[in-house]
There are 2 protein chains.
Amino acid sequence: MAFVPVTRASVSDLVFGQLRDAIVSGTYRTDDTLPGERELATTFQVNRHAVREALRRLQQLGLVRISQGGATRVLNWRVHAGLDLALSLVRSGDVLPVATLVRDMMDMRACIGVDAARLCARRADDAARRRIVRAVEEFADLAPDLTAMGEANIAVWRLILDGCGNTAYLLAFNSLVAGALAVAEVPPQRRATELLDVTGHRRLASAIADGRDVEAAEEARSLLTAALTAPTRKDSRA
Amino acid sequence: MAFVPVTRASVSDLVFGQLRDAIVSGTYRTDDTLPGERELATTFQVNRHAVREALRRLQQLGLVRISQGGATRVLNWRVHAGLDLALSLVRSGDVLPVATLVRDMMDMRACIGVDAARLCARRADDAARRRIVRAVEEFADLAPDLTAMGEANIAVWRLILDGCGNTAYLLAFNSLVAGALAVAEVPPQRRATELLDVTGHRRLASAIADGRDVEAAEEARSLLTAALTAPTRKDSRA
DNA sequence: GTTCCCAACTGGTCCAACCAGTTGACGGGT
DNA sequence: ACCCGTCAACTGGTTGGACCAGTTGGGAAC
């Protein structure tokens, strides 16, 4: 286990984390009013500004609605929160089952990655195509160092997402990568299967380079779904 | 044009908006150092606390890296920002071309919606299936009031995303809906085509109700891509 | 020339006061 | 008895200033 940079959580980070967890875990329910800032400050034994910063961030995540003069109310995060909430939840603790959440995020990575590969094969300019081919070769050269390959793999996908020209895909990928992969909660066995499939990545790169969009999508699908467990939570019915 | 609730932007909102736009538009480049908090405070003529709140939010969005003692540096948002940035950008101004961004988000909605419909048909429990069928009927009853249908349509999709059991999809959908649809920047003609296809929605609902996942995905695809313009930015090559 | 130390930055936290909206209870008018 | 305006007592929003805590870089000591 290698050493890792220490992270200093600021006071407002801690307040933010506690409040976020309390809301997501259901301690506060939708439309409940949060205690006032002054009260929270004395409860957490911190300054009111720290509480304010935390509340602002909760608001930005879509967890609360703040209104001057009135109380701060809890929103239904399943309705108002954005994808960044998933990232925030994965990074800290088991408020929601992290394993499930990571699996969901990997599903989404596959969903987006496939379409991005398809679009990239259709739209990317020549320079981008060349960069992707080169990146895949650099990725292949790193075998079998899984850690290095993992990073190179992300670089490859980032180029693909760049080339597909869809900014939303790119940003979503950032949320997912930072959340799911950086935490390394992905089943190592399956992740390894994906990473070690060098020829699959080469086929993907050449499909993109040649503009064969359907094949690119197919290669992407087979790569990205290798890490996904088949079992559904409650199996098919009827 | 109906009246609309006034929105009061707080001081830190304004500072946040200006800094975000400056970063995304490239006024500051990656690894540039932002001016110090005290300097920003005098520049914006606000208190330092307001600046701090804004910077915190920029950090949460993935636009800057703050480090005590050191300077606050600008990150490459194409690498570090999450999907919520798209929402934030759409809501205010044309820092990035909003039309393009909205189109990207509609693409992503389609990408996710199709998979969610498929998963929902496979995994949802009976109660969820019934709720979806009912919601589609309520949606159908509202024709031809496009505004009301738009809201009901979102409610339908929310149920589908709930039923598919993928929290990441659900959260991403929130980001997209709040960003793209609420702003109503979607070409009205195409949006109307989608909404008025009541029978298409009925087919989708019954496919989900019966667990026919492939057909559900197909129906979802035809509904969700109706609003998408075919032309790619730079067309297929080689 | 190298090394070490400290002054002068940076952001982080706190206190205390006051501004600005919202809410609800209380009291006068109908 | 009911309605309605008023106002006090909340809520969050903003400000100023002080001090703590890390980082940085230049200059003194070696």
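Proteins get letters first, then strands, A, B, ... in listed order; numbering begins at 1 in each.
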K.L.:
Taking the minimum atom-to-atom distance to the side chain of H49(A), which one of dC15(C), dC18(C), dG11(C) wins?
P.N.:
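In terms of side-chain proximity for H49(A), the closest of dC15(C), dC18(C), dG11(C) is dC15(C).
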K.L.:
Would you tell me if any nitrogen or oxygen in the side chain of R52(B) comes within less than 4.0 Å of OP1 or OP2 on dG12(C)?
P.N.:
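Result: yes.
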K.L.:
Starting at CG of L34(A) and ending at P of dG12(D), how long is that distance when rounded to a whole Å?
P.N.:
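Value for this atom pair: 9 Å.
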K.L.:
Touch check for R8(B), heavy atoms < 4.0 angstrom, all strands: base, sugar-phosphate only, or nothing?
P.N.:
sugar-phosphate
K.L.:
Can you name the nearest heavy-atom pair linking M105(A) to L87(A), along with the distance?
P.N.:
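That would be CE-N, 4.4 Å.
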K.L.:
Could you state the CZ-P distance from R38(A) to dA17(C), rounded to the nearest angstrom?
P.N.:
13 Å
K.L.:
Does the side chain of Q60(B) come under 3.5 Å of the side chain of R57(B) through a donor N or O and an acceptor N or O?
P.N.:
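Distance-only check fails for Q60(B) and R57(B).
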K.L.:
Just checking, is any N or O donor in the side chain of R52(A) or S12(B) under 3.5 Å from an acceptor N or O on the other one?
P.N.:
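No - no donor-acceptor pair under 3.5 Å links their side chains.
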K.L.:
Could you please name the option among dG11(C), dG13(D), dT13(C) that lies closest to any side-chain atom of T72(B)?
P.N.:
dG11(C)
K.L.:
Looking at D162(A), D115(A), N174(A), which one forms a side-chain hydrogen bond (donor to acceptor under 3.5 Å, both in side chains) with Y169(A)?
P.N.:
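Among D162(A), D115(A), N174(A), the one meeting side-chain hydrogen bond (donor to acceptor under 3.5 Å, both in side chains) with Y169(A) is D115(A).
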K.L.:
Quick one: do D13(B) and R20(B) satisfy salt bridge (Lys or Arg N to Asp or Glu O under 4.0 Å)? Show the steps, please.
P.N.:
CA-CA 10 Å; D13(B) 285 334; R20(B) 179 202 56 201; over 6 Å; no
K.L.:
Please give, in whole Å, the distance from dG16(D) P to Q45(B) CD?
P.N.:
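Going from CD in Q45(B) over to P in dG16(D) covers 10 Å.
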K.L.:
Grab the CD-C1' distance between E37(B) and dG22(D) for me, whole Å please.
P.N.:
13 Å
K.L.:
Which nucleotide in the set dT11(D), dT14(D), dG12(C) lies at the smallest distance from any side-chain heavy atom of R48(B)?
P.N.:
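Side chain of R48(B) sits closest to dG12(C).
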K.L.:
Using whole Å, report how far CG of N47(A) lies from P of dC20(D).
P.N.:
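So the CG-P distance, N47(A) to dC20(D), works out to 15 Å.
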K.L.:
Among dT15(D), dG13(D), dG12(C), which nucleotide sits nearest the side chain of S10(A)?
P.N.:
dG12(C)
K.L.:
Between atom CZ in R73(B) and atom C1' in dG22(D), what is the gap in whole Å?
P.N.:
16 Å
K.L.:
Whole angstroms only, please: what is the CZ-C1' distance between R56(A) and dT14(D)?
P.N.:
11 Å
K.L.:
Do the side chain of D104(B) and the main chain of T167(A) share a donor and acceptor less than 3.5 angstrom apart?
P.N.:
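Judged by distance alone, yes, a pair lies under 3.5 Å.
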K.L.:
At a cut-off of 3.5 Å, list every protein nitrogen or oxygen paired with a nitrogen or oxygen from nucleotides 23-25 of chain C, distance to 0.1 Å.
P.N.:
none

K.L.:
Nearest heavy-atom pair of L142(B) and A152(B): which atoms, and what distance?
P.N.:
CD1-CB, 3.7 Å
K.L.:
Within this structure, what is the CZ-to-P distance between F16(A) and dG12(C), rounded to whole angstrom?
P.N.:
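Between P of dG12(C) and CZ of F16(A): 16 Å.
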K.L.:
If you check every side-chain atom of Q68(B), which of dG12(D), dT14(D), dG12(C) has the closest atom?
P.N.:
dG12(C)
